[in-house]
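These notes are about the structure you will find just below.
Nothing here was measured: the structure is a model prediction, and the numbers come from that model. Letters A, B, ... mirror the listed sequences (proteins, then strands); counts begin at 1.
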Amino acid sequence: SVTWNSLLAAYAQTGHLHKAESLLDSMPGHLRDAVTTTIMVNAYTQAGKIQESRRIYTSCHNKDDFTSSAMIHAYAQHGHLHEAKQIFDTSPHHDVVSWNSMLGAYTKNGHFHEAFLLFQKIPTKDVVSWNLMIVTYSQTGDFASAIRFFRAMDLDGVHPDNVTFLAVIEACGSQADLLLGRAIHSEVSHPDILLVNALIGMYSKCSSLEAAREIFVSWPCKDVVLWTSLVSSYAENGRGQESLHLFQSMQLDGINPDQVTFIAILSKCAQAGLLHAAHTFFSCIPDHGLVPALDHYVCLADALGRSGWIEQASELLDLMPYEPD
RNA sequence: ACUCUGGUUUUGUCU
């Protein structure tokens with residue numbers, strides 16, 4: 001059973017759903033257990049096939065906490081809150097992942113009050129329970145609550161991880177709270193690249209470009225996302241020339257910009273009133289094998305408009321090969 | 001002691 005499931009999981013995790021299905025078909029019935037069901041429910045969820053998840057789940061009698069949580073998650077991903085809750089309510093016992101899955105079902109679908117009520121009922125909250133609340137508050141702009149829950153988590157004796165830190169660091173950036181951002185940064189012990197990226201964004205929003213740059217430099221393996229953050233940080237702080245220069249350095253480092261790189265940079269240029277830099281960045285989009293997208297035109301028009309070139313902005317929107325919306 | 005057959009939370013994105 002373990003052997004079959006291992007292979008099944010390997011197929012499922014690498015996105016080979018068809019191979020997983022045929023393996024399941026050739027798998028002796030008496031070897032199919034709750035693990036088998038959970039793997040398949042999850043595989044179908046990842047492929048967006050909720051009906052298949054449901055079919056496997058309901059037709060199978062081997063279920064445990066893991067299977068139920070996987071199915072709650074499956075329903076939640078597709079907005080089927082009622083079905084998710086039904087599974088949650090009908091299971092006799094909940095482990096913390098089961099609670100968290102139901103909590104995530106509420107937060108993902110915007111049912112924040114229900115989420116809050118459920119959160120309070122979780123007997124033993126773990127770091128994921130807290131993260132779900134903190135991330136949700138941070139993403140919905142309630143930064144004060146994010147920080148409040150971050151403190152409460154500590155009082156509850158649960159240690160923050162990088163997911164927690166990322167969410168509260170983002171909250172600090174959004175509030176331009178440099179002191180708190182620094183304080184929380186000092187609590188970080190093992191940052192990963194995601195957190196490093198958030199720290200760069202936070203320091204940039206707090207106008208501490210030098211701190212942002214230091215963090216960037218100290219991270220050994222920069223990817224396109226990290227470079228994009230740094231270049232747009234300079235643009236965000238009105239440093240057009242340096243952002244153009246860094247953009248060159250990025251390519252010397254072997255990193256190719258993509259569509260998002262240009263959207264991120266151009267939008268910061270527009271906000272900071274860097275018309276010249278915006279124009280230069282826009283002009284070199286084709287040099288990288290990319291076609292300027294609607295978003296790029298909108299950003300450039302925005303930059304023109306904010307610099308007082310209203311007519312040129314609307315002219316650009318008229319001439320671009322897209323329909324404005 | 002930790003050690004992976006399965007479930008829950010987090011990266012760059014303008015208007």
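A:Thr67 comes within 4.0 angstrom of a nucleotide base, judged by non-hydrogen atoms across all strands. Among the heavy atoms of the strands, none lies under 4.0 Å from A:Ala167. Using a 4.0 Å heavy-atom criterion, one finds that A:Asp223 contacts no nucleic acid atom at all. A:Ala34 comes within contact range of at least one nucleobase, with a heavy-atom separation under 4.0 Å. Heavy atoms of A:Ser1 sit nowhere under 4.0 angstrom from any nucleic acid atom. Within the nucleic acid shown, A:Asp302 comes within 4.0 Å of sugar-phosphate atoms alone, with no base atom in reach, counting heavy atoms only. Using a 4.0 Å heavy-atom cutoff across all strands shown, A:Ser6 reaches sugar-phosphate atoms only and no base atom. Across all strands, A:Asp65 comes closer than 4.0 Å to base atoms (heavy-atom distances). Heavy atoms of A:Val196 sit nowhere under 4.0 angstrom from any nucleic acid atom. Contact annotation for A:Asp192: no contact, since no heavy-atom pair falls under 4.0 Å across all strands. At a threshold of 4.0 angstrom between heavy atoms, the contacts of A:Ser101 are confined to the sugar-phosphate backbone, with no base atom among them.
For residues 258-299 of chain A, the pairs satisfying ring pair (Phe, Tyr, Trp, His ring centres under 6.0 Å) are A:Phe247-A:Phe262, A:Phe247-A:Phe281, A:Phe247-A:His288, A:Phe262-A:His288, A:Phe282-A:Tyr297, A:Tyr297-A:Tyr322, with sequence neighbours left out. Note on residues 138-159 of chain A: no pairs pass salt bridge (Lys or Arg N to Asp or Glu O under 4.0 Å), not counting sequence neighbours. Within the structure, the salt bridge (Lys or Arg N to Asp or Glu O under 4.0 Å) test picks out no pair touching residues 59-71 of chain A (sequence neighbours left out). Residue pairs meeting the salt bridge (Lys or Arg N to Asp or Glu O under 4.0 Å) criterion with at least one member in residues 231-240 of chain A, sequence neighbours excluded: A:Glu236-A:Lys268, A:Arg239-A:Glu242.
Residues of residues 250-275 of chain A having a heavy atom closer than 4.0 Å to RNA chain B, listed by number: A:Asp258, A:Val260, A:Thr261, A:Ile263, A:Ala264, A:Ser267, A:Gln271. Less than 4.0 Å separates RNA chain B from at least one heavy atom of each of the following residues of residues 111-139 of chain A: A:Val128, A:Asn131, A:Leu132, A:Val135, A:Gln139.
For A:Ser229, the side-chain contact (heavy atoms from CB on, under 4.5 Å) partners are A:Asn197, A:Ile200, not counting sequence neighbours. For the ring pair (Phe, Tyr, Trp, His ring centres under 6.0 Å) test, residues two or more places apart in sequence or in another chain that qualify with A:Tyr137 are A:Phe149. Remark: A:His78 engages no residue in a ring pair (Phe, Tyr, Trp, His ring centres under 6.0 Å) (not counting sequence neighbours). Legend: residues meeting ring pair (Phe, Tyr, Trp, His ring centres under 6.0 Å) with A:Phe216, ordered by chain and number and at least two apart, are A:Trp227. Every residue meeting the side chain to side chain donor-acceptor pair (under 3.5 Å) condition with A:Thr14, not counting sequence neighbours, appears here in chain and number order: A:His16.
Applying ring-ring contact (aromatic ring centres under 6.0 Å, His included) to A:Phe119 and the options A:Trp130, A:Tyr106, A:Trp99 leaves one that passes, A:Trp130.
Protein chain A touches strand RNA chain B; the 5'-most and 3'-most nucleotides with an atom under 4.0 angstrom of its non-hydrogen atoms are B:rU5 to B:rU15.
Rounded to the nearest Å, the gap between the P atom of B:rG7 and that of B:rU3 is 15 Å.
Within a 6.0 Å radius of CH2 in A:Trp309, other residues, nucleotides and ligands contribute 12 heavy atoms or fewer.
Looking only at distances, a side-chain donor or acceptor of A:Ser174 sits under 3.5 Å from a matching main-chain atom of A:Glu170.
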